[in-house]
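One structure is given here, and the rest of the page talks about it.
Residue numbers begin at 1 in each chain, while the letters A, B, ... track the order of the sequences. Values in this document were obtained by computation on a predicted structure and should not be read as measured data.
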Amino acid sequence: MNIFVAKLNFKTTSEALQQCFEEYGEVSSAKVIFDRETQRSKGFGFVEMPDDEAAEQAIRELNESEFDGRTIVVKKARPKTSNY
DNA sequence: ACTGAGCGG
């Protein structure tokens, strides 16, 4: 289950994001998107969880919840770039 | 250095 996390704190890192979701289930990978030029956070990231049940539960619990001082938005992620 | 909707290389 790919999870999309938005409105993150700009200081939030992938490690903190992963540890946040690990509280609700198994996390295979998690990363915050950083700008390729300035190396600064874009304010959103992605989390991948092998357990779909834990993933949906994590979405319910973490969506619109306070994380690192900011209210984050957690949704199901869309498939990657559709190159047509 | 800073910003605040939105989906990554």
Closest listed nucleotide, where the reference is the side chain of Ala77(A) and the choices are dG6(B), dC7(B), dG4(B): dC7(B)

Could you please name the option among dG6(B), dG8(B), dC7(B) that lies closest to any side-chain atom of Ile33(A)? dG8(B)

If you take any heavy atom closer than 4.0 Å to DNA chain B, which residues from residues 36-47 of chain A end up in contact?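 Under 4.0 Å from DNA chain B: Arg40(A), Lys42(A), Gly43(A), Phe46(A).
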
When you measure from every atom of DNA chain B, which of residues 16-31 of chain A have a heavy atom less than 4.0 Å away? Lys31(A)

Categorize Ile3(A) for me: base, sugar-phosphate, or nothing, with a 4.0 angstrom heavy-atom threshold over every strand shown. nothing

Spacing between [X] atom [atom1] and [N] atom [atom2], to the nearest angstrom:
X	N	atom1	atom2	result
Asp35(A)	dA1(B)	CG	C1'	14 Å
Phe10(A)	dA1(B)	CZ	P	14 Å
Glu64(A)	dA5(B)	CD	C1'	15 Å
Lys7(A)	dC7(B)	NZ	P	15 Å
Asn9(A)	dC2(B)	CG	P	12 Å

Only counting residues at least two apart or in another chain, list the ones meeting side-chain hydrogen bond (donor to acceptor under 3.5 Å, both in side chains) with Gln57(A).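 With neighbours one apart ignored, the set is empty.
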
Partners meeting side-chain hydrogen bond (donor to acceptor under 3.5 Å, both in side chains) with Lys11(A) (sequence neighbours left out):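 Expected list: Asn9(A).
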
Check whether any side-chain heavy atom of [X] sits under 4.5 Å from a side-chain heavy atom of [Y], and report yes or no.
X	Y	answer
Leu8(A)	Val5(A)	yes
Arg70(A)	Asp68(A)	no
Lys75(A)	Ile3(A)	no

Pair up each side-chain donor or acceptor in residues 17-32 of chain A with any protein partner under 3.5 Å, not counting sequence neighbours, and list the distances.
residue	atom	partner	partner atom	Å
Gln18(A)	NE2	Glu22(A)	OE2	3.1
Ser28(A)	OG	Glu48(A)	O	2.8
Ser29(A)	OG	Glu48(A)	OE1	3.2

Going hydrophobic residue to hydrophobic residue with side-chain gaps under 4.5 angstrom, can you get from Met1(A) over to Ile72(A)? yes

Where at least one partner belongs to residues 29-66 of chain A, residue pairs that pass ring pair (Phe, Tyr, Trp, His ring centres under 6.0 Å), sequence neighbours excluded: Phe4(A)-Phe44(A), Phe4(A)-Phe46(A)

